[in-house]
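Lettering follows sequence order; numbering is per chain, from 1. When reading the values below, keep in mind they use all heavy atoms of this one structure, side chains included, and skip hydrogens, waters and symmetry mates.
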Amino acid sequence: MTLRILSFLFAVMLACLPLTTAANAQQPPSFHDFKRISILHEGRVKPLDSYARAMLKELSGKENIAGQTAIEWLARALFDPAAATDEPVFLIPDAALRAMLDLPQDRRHFSLSAIAPGLQKTAAQVSALMQQETSALTQQQQELLRLHEDALRHAALLRSVSLILPLEAELPEWIARQENETAAKNFLTLFKYKPDLMTRMKAVIKAKGGDPQHYNAEEQKTAVLAFSLEGLQAAGAAGGDFRVIPTDMAGAGELVTPWSIFTQGLGGPKTAESFTLWQKMADAYRARNGEDFANAAQALAAPGHDLEIAYNLIKPFHVALILYVLALTIAVAAALRPQLPLPASWLVMAGGFAAHLFGIAARVMILERPPVGTLYESVLFVSMICAFLTLLFTARRRRVDILIAGNACAAGLLAMAPALLQRGDSMDMLAAVLNTNFWLATHVLCITAGYGLCIMAACLAQLWLLFKTQRTSRPELTLTLYNMTEVLAMAALLLTAVGTILGGIWADQSWGRFWGWDPKENGALLIVLWLVWLQHGRIAGMLSPPLLMAGIAFLNVIVALAWFGVNLLGVGLHSYGFISGIAAALALFCTLQISVIAALLFCALRNIRRGAHEG
Amino acid sequence: MKDRVLNGCIIVLLGLAGYGITLYLDGRAPRGVETQTSAPAPMHTQIPAFSFTALDGAQHDIRDFRGKIVILNFWATWCAPCQKEFPALLRIADSHKDDIVLIALSSDIERAAIDRFLNKLSYKPRANVHIALDDSQRITAGLFQTYRLPETWIIDRQQLLKHKLIGAEWTDEDLRSIIEKIQ
């Protein structure tokens, strides 16, 4: 790793040096079509817009940097890498890590050129850290590793199209004579001279030694050009993931990196066409010729990315979260001052739900699979279910208590969702065992819809208990809440039971066994058994309404453990969705919920005993 | 009673809708795209139009060879693997004089190098073999993006690119097998 980092970074920095810096601004290019160019990234063909946003977010934590949008940053990184090495894209939030890398403490974002000396200094340490398990590393050590990996990825991005960018090196006379003055002067066009350059360099070194100061002007030009080509080739051979060139070599839809055309011989007529356009785009960008840039980008842009670009731009889940919070605020205000219009809360929430639904529908259409395939998507879906149920229950009669509870649930889940995202694009390709539409649409949707119903039932149950703690009895409100909670609990039982059985059938098909007492399976069964026990207790008359409601309220804890808790264990055949770092938050949530439910139950029972309420 | 019937109908309709959606979506999910290329797979790109001047001075257009299997070889005299595979290419061309055309485009800077190499091989001109100098790699790099030599394209009678051999690590049998499949 030490040698790899040192040599790679050195090669990339060196490779960027010969490349000229772009001319000053004449006409800024439009990125309308540039963002629509296809790239194969993390197993999915997506627009450059998504790639740029994901990449920049991973490096800097933001989708905008130094006054540039993500796509502008990407264009600069590709076509003006020498300047891009000075852009502060690396986020280093840890002060101790900044000190270790000899970086100033007055900011948190740094450029590749700023962190390079620190990376070199810590290269040996990183090599040693890589031999250890991630769980054995401190937070700072993990951050250091991550920074090194990010620097490598960023460096790889910078040299993605370096083979078509102009070289600053002056051509030796014998090459200049053969080249057309107006022809492009880049790695690809000059590579053919490399064998001759190397032969001449060997002769010069043999005659005059390795110090260029002893060379004449022509020999110095030869040395610089040979060194530049060698540096670029070494950097290019290190690989990368900027797969944008359609190739003649494989099935339709496969894209390869520009450098692999050179290193792996994947070139052909199709790649030649694509390269010509990328060359035009690079030249136009560097000359700030917006028209030529747009024309070349338009020829490269792929159809079918408009929805994803709209999704990236609108950020429907952010919109939904804002509207849910706004609806919550209006509902709370209306609760405190009844003269305020409560229907406004419902309407705002409906707007949020529409944005939420658009977001999920867009993901379904983009990914061409059902809406829930990852932990992140499950949270989005459950949040939507909570919002939908709230709107349904309050459609005819606006209930401020239900609106508050529903908006709080929906907003809380949506706010929590981004914390569950793995690094990179939120639209991941699924593991092979998961990627079957039938089971994703049945088992997974049943289970997650069941979770949503459980959460709403739990919230309404806690509302019921809260009302029962009041001195004034409000039977019309509590009766409605009781009935709603009962219906939700029954529906949740149906969905979770069916979903669990469907999961068993899926497991039987995938792994050859219906049930293996896997933590995830046990979690799902726990919810079913809890609901069954509650219903049996209610029917048998062994659970009074307060106890029943407390039991339903406790579903929040059970669902949290079944949904998130089992993923912390990191064991079992259900080896997807494993996460770490939320144990403390989960424990806090469970503790708070148990405390609240216990307190509400105690007070409700006390009130009932006093005769303030009927049980 | 009416409510029960209505509820029952809603449940049945929802179930049918869900089943219909799963049937629609089933099989449409992308499986992810393989990012590692294995051996070159058949492709169906039409060969681009180009012309060249053979060493004997004759002008040719690639379209002239429609109806024949074309072996398009990119080589150079300074490339050792190219020198190694050249006789094998000639053997294949000789074994199918009426069916196969061999076009060998050289990236040498000067023709003299090619003449020296052919003299060394005791090369005798064949009607179905055309050797040419690709000036400034106009075709080699410009049209076919070949930067490392040798590379050999096999083109079928409809002038579709069918196979690409990268390097010289192939045998006569490999090439014969590819040609037989095309035939």
Check each atom of [X] against the heavy atoms of chain B and say whether the ones under 4.5 Å are side chain, backbone, both or neither.
{"X": "Ser260(A)", "value": "neither"}
{"X": "Asp241(A)", "value": "neither"}
{"X": "Glu179(A)", "value": "neither"}
{"X": "Phe262(A)", "value": "both"}

Without hydrogens or angle criteria, can the side chains of [X] and [Y] be said to hold a donor-acceptor pair below 3.5 Å?
{"X": "Glu151(B)", "Y": "Asn73(B)", "result": "no"}
{"X": "Ser38(A)", "Y": "His305(A)", "result": "yes"}
{"X": "Asp174(B)", "Y": "Ser177(B)", "result": "no"}

Got a donor-acceptor contact below 3.5 angstrom from the Asp156(B) side chain to the Gln159(B) backbone?
->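 Yes, the answer is positive, given that a donor and an acceptor are paired below the 3.5 Å cut-off.
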Any donor-acceptor pair under 3.5 Å from Lys162(B) side chain to Ile178(B) backbone |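 Looks like no, no N/O pair under 3.5 Å.
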Relative to chain A, which segment of Ile47(B) carries a heavy atom at a distance below 4.5 Å: side chain, backbone, both, or neither?
->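 Contact with chain A involves no heavy atom of Ile47(B) at all.
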